[in-house]
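By convention in this document, chain letters (A, B, ...) are assigned in the order of the sequence lines, proteins followed by strands, and residues within each chain are numbered from 1.
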Protein chains: 2
Amino acid sequence: MSDPKAAREAERLRVPGAAFLVSQVGSHSSRLWRERMARLDLDSREVVLLRHVAAAEGQSQQALAEALQIPASRMVALVDGLERRGLVQRRPIRGDRRVRALHLTPEGRRVLRKVMKASAEHEAELCAGLDPSEREHLIALLSRVAAEQGLATGVHPGVAEKQPSR
Amino acid sequence: MSDPKAAREAERLRVPGAAFLVSQVGSHSSRLWRERMARLDLDSREVVLLRHVAAAEGQSQQALAEALQIPASRMVALVDGLERRGLVQRRPIRGDRRVRALHLTPEGRRVLRKVMKASAEHEAELCAGLDPSEREHLIALLSRVAAEQGLATGVHPGVAEKQPSR
DNA sequence: TATTGTTATACTCTATAACTATA
DNA sequence: TATAGTTATAGAGTATAACAATA
């Protein structure tokens, strides 16, 4: 206890650095957001897919699978679920009868608006303790780190990973 | 494209908020850190366990399982692996022959020092683009958010969740 | 022969619930 | 009867690879 070297080590364990904090708060943010999406009956990957389809309608499943870095076989079940709920639609394209182009339905667009509303509420909830300028500063610092770490804007690295089931 | 309402929505999709950024950078930080731990042949949960054992030696597996919020049956395999590698030791306690108290071995202590060294390197790597005062500011802001969100200091919410296998 | 989408299979990881031995 | 640790089992989720239709 009175060993100064051990005390320094204990201190290093006690005070979290930026790397730990961003991971801790990020995991928390992620969990809260997934809970909001679950209330809309959506999985995080389903949301990402909806947004990708909205951003560029008519892409093939293969193209989406490539963009999202997930195997094509996983895309099938993903699209199945969203199509069953009437949020996206598989449509044939002229010229190649193998391809199934993905489109958002009107209901899919409505749900996507709810997603954006819920995401905005999530942002407000997470930043409740910061005033607007502090929040802007946090965004600026994290954007710098993200850019310097080579992270693409708006692309979450966890999307391609396995999802915690809760 | 020229619809101002649609343009506003597109803008909202394009610029990430703090919640997304912290989750994105946090996930990236987490992945880099796990890669460093993997080089020491350690899983993130093994590291957490090592640190808990180091912080309070002689606890029972049940007590640890309780503290780490994982089922006792999972603790068994976790301890098995660490004991096989000679990092922790199960010891009987006097008075109750059911209990197996966990202790760090000298090798376990050496590995834990490597863990702390690797974590410090990870911190430096992640914050490479920030000067010291910016890093301190980021830490302060994230600490505020963490405290206001009710996150316990030094406790990562993802520990109890399933781990991405990579 | 190559490619799109699909289905089948086998594998990994997990929690739940028996089970053993002590208390 | 209850508890600490262990083992067995069954389920969820996944990637890999086989498959059918089309190019």
Separation of [N] [atom2] from [X] [atom1] (nearest whole Å):
X	N	atom1	atom2	answer
A/Ile93	C/dT3	CD1	P	16 Å
A/Asp43	D/dA12	CG	P	16 Å
A/Gln62	D/dT22	CD	P	16 Å
B/Met75	C/dT14	CE	C1'	15 Å
A/Arg100	D/dA20	CZ	P	18 Å
B/Leu64	D/dG5	CG	C1'	13 Å

_Quick check on DNA chain C: between A/Asp96 and A/Asp80, whose nearest nucleotide comes earlier from the 5' end?_
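Checking each residue's closest nucleotide, the 5'-ward one belongs to A/Asp96.
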Side chains of [X] and [Y], donor plus acceptor under 3.5 Å:
X	Y	value
A/Ser119	A/Trp33	yes
B/His103	B/Gln89	no
B/Ser30	B/His156	no

*Touch class at under 4.0 angstrom, heavy-atom based, for B/Val76 against every strand present*: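 The answer is base, as B/Val76 lies within the cut-off (heavy atoms under 4.0 Å) of a base atom.
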_Categorize B/Ser73 for me: base, sugar-phosphate, or nothing, with a 4.0 angstrom heavy-atom threshold over every strand shown._
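Base contact.
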*Minimum-distance nucleotide to A/Arg97 side chain [options: C/dT22, D/dA23, D/dT7]*: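 Ranking C/dT22, D/dA23, D/dT7 by closest atom to the A/Arg97 side chain puts D/dA23 first.
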*Of the nucleotides D/dA21, D/dT6, D/dA2, which one has an atom closest to the side chain of B/Arg98?*
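Shortest atom-to-atom distance from the side chain points to D/dA2.
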_Salt bridge or not between B/Glu46 and B/Arg84? Use side-chain N to carboxylate O under 4.0 Å._
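Salt bridge flag = no for B/Arg84 with B/Glu46.
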_Salt-bridge present (A/Arg85, A/Asp80; N to O < 4.0 Å)_ =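 Looking at A/Arg85 and A/Asp80, the cut-off is not met.
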*For B/Gln61 and for A/Ile70, find the nucleotide of DNA chain D with the closest heavy atom, then tell me which residue's nucleotide is more 5'.*
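With B/Gln61 and A/Ile70 compared, the 5'-side residue is B/Gln61.
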Should [X] be listed as having a side-chain N or O under 4.0 Å from OP1 or OP2 of [N]?
X	N	answer
A/Arg90	C/dG5	no
B/Arg45	C/dT14	yes
B/Arg74	C/dA15	yes

